[in-house]
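Okay, so here's the structure we're looking at.
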Number of protein chains: 4
Amino acid sequence: MSPRNKEKDQQLRAERTSQILDSALTVIARRGLSATKVADIAEMAGVSVGNIYKYFSSKEDIFEALLHRGQQEYRDFAEEAWGQAGSAKDRLSWYTVNWLNKREWAITTLLQHARTSETIPERLKQAVSAKFKDNLRPIAAIIEDGQQRGEIVSGASMELALIYVSMMEGLTLHDIPGTPELSSGIAESALQLLLRDR
Amino acid sequence: MSPRNKEKDQQLRAERTSQILDSALTVIARRGLSATKVADIAEMAGVSVGNIYKYFSSKEDIFEALLHRGQQEYRDFAEEAWGQAGSAKDRLSWYTVNWLNKREWAITTLLQHARTSETIPERLKQAVSAKFKDNLRPIAAIIEDGQQRGEIVSGASMELALIYVSMMEGLTLHDIPGTPELSSGIAESALQLLLRDR
Amino acid sequence: MSPRNKEKDQQLRAERTSQILDSALTVIARRGLSATKVADIAEMAGVSVGNIYKYFSSKEDIFEALLHRGQQEYRDFAEEAWGQAGSAKDRLSWYTVNWLNKREWAITTLLQHARTSETIPERLKQAVSAKFKDNLRPIAAIIEDGQQRGEIVSGASMELALIYVSMMEGLTLHDIPGTPELSSGIAESALQLLLRDR
Amino acid sequence: MSPRNKEKDQQLRAERTSQILDSALTVIARRGLSATKVADIAEMAGVSVGNIYKYFSSKEDIFEALLHRGQQEYRDFAEEAWGQAGSAKDRLSWYTVNWLNKREWAITTLLQHARTSETIPERLKQAVSAKFKDNLRPIAAIIEDGQQRGEIVSGASMELALIYVSMMEGLTLHDIPGTPELSSGIAESALQLLLRDR
DNA sequence: GATGAATGAGAGTTCATTCAT
DNA sequence: TATGAATGAACTCTCATTCAT
């Protein structure tokens with residue numbers, strides 16, 4: 001009733017929304033979109049099934065929100081890497097280490113599905129791909145910077161950024177949480193390949 | 001008694017099986033396992049739904065057969081690369097080009113799903129992972145050979161093989177057939193990174 | 001948090017369960033287990049198909065619940081006969097009359113199927129047979145009592161109970177509701193056979 | 001081609017038909033009509049599925065043939081009892097013993113299903129019931145004869161016949177082949193009940 | 001006649017979504 | 001707003017029947 005309550009309501013709503021998205025991310029990454037039941041998401045979020053629909057209009061809607069949030073978070077993360085002090089190697093190293101510590105693998109899985117699956121509407125695919133490409137810029141900037149300092153091999157920076165990110169994604173997909181078979185030290189080795197002097 | 005030709009029956013059976021698997025590979029790669037209806041597979045194979053079950057006991061069974069066949073085919077392909085004449089670079093180049101021309105991207109998608117999804121029985125996951133690791137050997141052999149000739153950067157050969165394959169997979173997943181956005185020339189650039197003298 | 005009335009929910013749930021079982025009993029008795037569609041049960045219960053599965057996990061599960069409930073109800077009924085005042089003949093007469101008025105014929109059909117069909121899991125068969133045997137006790141008690149008073153022919157009481165119940169079942173199966181061909185007076189004649197003085 | 005062959009063909013055909021019916025009887029009695037697959041019948045008969053349809057037009061057709069044959073066989077059996085030498089007790093005893101040694105239980109099961117199930121066309125039900133009633137005559141004749149000799153309790157002979165047969169059927173359904181729990185001696189005890197002097 | 005692969009309608013079961021409380 | 005019972009379309013799998021060989 002009072003403005004205070006309204007504000008609080010808004011905040012509660014945002015929290016619930018975020019909480020639902022967190023659960024959805026985890027579950028969908030683990031089982032895939034169409035194998036995930038809305039009930040699974042609800043259970044993990046500690047919310048009733050019906051209540052989910054007060055925050056999202058459909059399962060697809062949740063997925064779409066997940067992609068938006070994931071790509072935005074990734075953008076922030078990539079810019080944080082670019083904002084790091086030190087050499088290009090230091091920055092990429094920071095990026096690499098933190099990538100593995102974050103839930104990037106989960107988002108990576110979702111994005112890949114979004115880009116490749118016929119079940120996803122074209123509109124969404126295009127948005128995701130465009131945003132993905134745009135999100136390469138901070139990495140490309142780091143690489144360009146490194147090339148100017150003579151640290152990094154020559155080549156088109158966007159191309160190298162794509163190669164590097166693909167490599168990270170590819171390795172990520174072989175190194176699922178709970179499957180520690182492949183040492184994460186390998187990511188560092190991969191990074192070496194980009195360096196001029198190795 | 002039996003007016004049927006047993007040999008011919010056997011042969012027809014094998015053909016049908018293979019035809020169903022081909023269709024299943026295409027459709028599942030495009031839509032994901034659980035979003036693919038058995039009816040989709042049947043339709044693409046030009047077979048009735050019921051008849052599918054004369055050849056496979058369930059959708060899961062089809063998926064499993066697909067993984068087996070895919071990993072076997074990949075093994076043959078990797079060994080063919082190892083069997084090529086020429087330098088390590090030539091061999092990897094052959095591998096790279098042919099990877100992109102084959103249906104490797106489809107199988108890559110399936111294998112990734114098999115390794116990562118909670119919906120896949122542990123037994124199958126382990127088998128897939130073990131076979132995957134084993135399948136790195138021909139690539140590792142090419143790399144080792146190249147290292148001895150001074151062509152390829154130093155480092156543990158299995159590790160470099162994993163990095164290289166991950167890179168290919170990562171790129172593959174950004175370059176779906178029908179989505180020619182990313183030039184396949186990029187794969188060649190990626191290959192350069194492994195070379196000592198670049 | 002929960003705007004629902006838990007007690008009322010519990011009660012509604014129990015009612016629905018019972019309502020579904022009632023319908024299932026009728027329909028399965030009329031058509032047999034495997035010829036009965038879950039949709040038939042749902043329709044007769046005035047419930048949607050999907051909702052049935054909120055109460056029972058499968059058609060088999062419904063059948064099993066039906067057997068449990070039916071044998072328990074029969075036990076109560078048999079003990080009520082034993083609890084009647086009067087001579088053994090009076091008690092058996094009460095039993096006979098009420099048997100025909102109740103839905104015993106439906107349950108009889110189900111139990112017979114459960115005992116004899118290969119499609120029923122051994123575990124369930126054994127449980128049903130054991131309970132059936134145990135349920136003969138009240139009748140055997142009436143007979144023993146009648147023998148001591150000189151009303152009833154001599155012989156092992158459990159054996160005579162089995163004979164009597166089999167007779168009732170056999171007659172029941174010739175006298176389906178809606179098929180009034182065989183007068184129910186015949187049951188009384190059958191009862192006479194057990195009496196010493198006839 | 002030659003008349004000889006034609007005759008032989010006829011004979012082979014009759015044999016096959018009978019062989020299929022035998023298998024059908026066994027399997028349907030064990031699993032129920034609708035739970036029995038035509039493939040089950042074919043397998044047990046050692047015949048291909050398709051070939052069944054050269055002899056019968058449908059599963060229902062097989063069932064109907066089974067009922068006809070079963071009731072005819074039963075009639076022959078009942079008349080054979082009537083044709084036995086000796087007292088009424090001897091004849092009923094012969095009937096009882098041979099009933100248990102024959103496949104009467106299987107036919108009993110089928111007939112019961114035919115009479116009671118909604119899935120059976122009315123026309124067939126009526127035919128079965130009429131024939132059943134008619135088939136009581138030989139037993140009723142034995143009973144009447146016994147009554148005249150003072151061996152058997154008084155009462156309407158058809159009614160007593162129905163009671164006796166129901167008793168046999170009821171006991172039969174508690175004493176499935178392979179379930180020897182209930183001693184078959186009990187049938188003799190049941191017979192005693194009909195005797196005047198016991 | 002004999003075979004068994006092929007068909008497709010139909011059954012059991014699941015699950016996204018709605019709605020009364 | 002929160003709940004979970006209810007709905008029914010859709011999916012997987014089965015099986016009576018047909019048909020090419």
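Just so it is clear: chains get the letters A, B, ... in the order the sequence lines come, proteins before strands, and each one is counted from 1. All values below come from the heavy atoms of this structure, side chains included, with hydrogens, waters and symmetry mates left out.
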message: Check the phosphate of F:dT1 against A:Arg13, side-chain N and O only, distance under 4.0 Å to OP1 or OP2. Yes or no?
response: no

message: Please determine whether a side-chain nitrogen of the Lys or Arg among C:Glu64 and C:Lys59 lies less than 4.0 Å from a carboxylate oxygen of the Asp or Glu.
response: no

- prompt: Does A:Asp22 pair with A:Arg69 as a salt bridge, N-O distance under 4.0 Å?
  reply: yes

Phosphate OP1/OP2 of E:dT14: any C:Tyr53 side-chain N/O under 4.0 Å: no

statement: 5'-most contact on DNA chain F (nearest-nucleotide basis), A:Val47 vs B:Asn51, goes to A:Val47

query: Could you give the CD1-to-C1' distance, from C:Ile41 to F:dG8, as a whole number of Å?
result: 17 Å

- prompt: Mapping A:Lys37 and B:Leu12 onto DNA chain E by nearest heavy atom, which one lands closer to the 5' end?
  reply: B:Leu12

query: What nucleotide, of F:dA16, F:dT3, E:dT17, holds the atom closest to the side chain of D:Val38?
result: F:dA16

- request: Searching all strands shown, indicate the nucleotide that pairs with E:dA2 (Watson-Crick or G-U wobble; both distances under 3.5 Å).
  value: F:dT21

- request: Under a 3.5 Å limit for both distances, which nucleotide forms a Watson-Crick or G-U wobble pair with E:dC15, could you say?
  value: F:dG8

query: Quick one: A:Phe63 CZ to E:dT17 P, roughly how many Å, whole number?
result: 14 Å

task: Starting at atom CG of D:Asp61, determine the distance to atom P of F:dT18, rounded to an integer number of angstrom.
output: 12 Å

query: Taking the nucleotide of DNA chain E with the closest heavy atom to each, which residue, A:Glu60 or C:Glu60, is nearer the 5' end?
result: C:Glu60

query: Just how far, in rounded Å, is P of F:dT12 from CG of B:Leu33?
result: 10 Å

task: Report yes if at least one side-chain N or O of A:Arg16 is closer than 4.0 Å to OP1 or OP2 of F:dA2; otherwise report no.
output: yes

query: Under 4.0 Å: is that the gap between some side-chain N or O of D:Lys54 and OP1 or OP2 of E:dG1?
result: no

- prompt: What pair of heavy atoms forms the shortest contact from C:Ser58 to C:Tyr53, and how long is it?
  reply: CA-CE2, 4.0 Å

- prompt: With sugar-phosphate meaning primed atoms plus P, OP1 and OP2, does C:Ser57 contact a base, only sugar-phosphate, or nothing at under 4.0 Å between heavy atoms?
  reply: nothing

field: B:Arg16 charged N/C atom sitting above B:Tyr55 aromatic ring, 6.0 Å / 45°
entry: no

Heavy-atom pair with the smallest gap, counting every atom of B:Phe56 and B:Thr17: CZ-CG2, 3.6 Å

field: Gap between atoms CD1 and P, on C:Ile20 and F:dT7 respectively (whole Å)
entry: 10 Å

field: Proximity to the side chain of B:Tyr55 - top-ranked nucleotide from F:dC15, E:dA6, E:dA2
entry: E:dA6

- line: In whole angstroms, the gap separating P of E:dC15 from CD of A:Glu43 amounts to 13 Å

query: Could you give the CZ-to-C1' distance, from A:Phe56 to F:dA2, as a whole number of Å?
result: 16 Å

Atom-to-atom span, NZ of B:Lys59 to P of F:dT12 - whole angstrom: 5 Å

- request: Report which part of the nucleic acid B:Thr36 touches: base, sugar-phosphate, or nothing (heavy-atom distance under 4.0 Å, all strands).
  value: sugar-phosphate

- prompt: Taking atom CD of D:Glu60 as the centre, does the number of heavy atoms from other residues, nucleotides or ligands within less than 6.0 Å exceed 12?
  reply: no

statement: Taking F:dT3, E:dA6, E:dA2 as options, the one with an atom nearest any side-chain atom of D:Ser48 is E:dA2

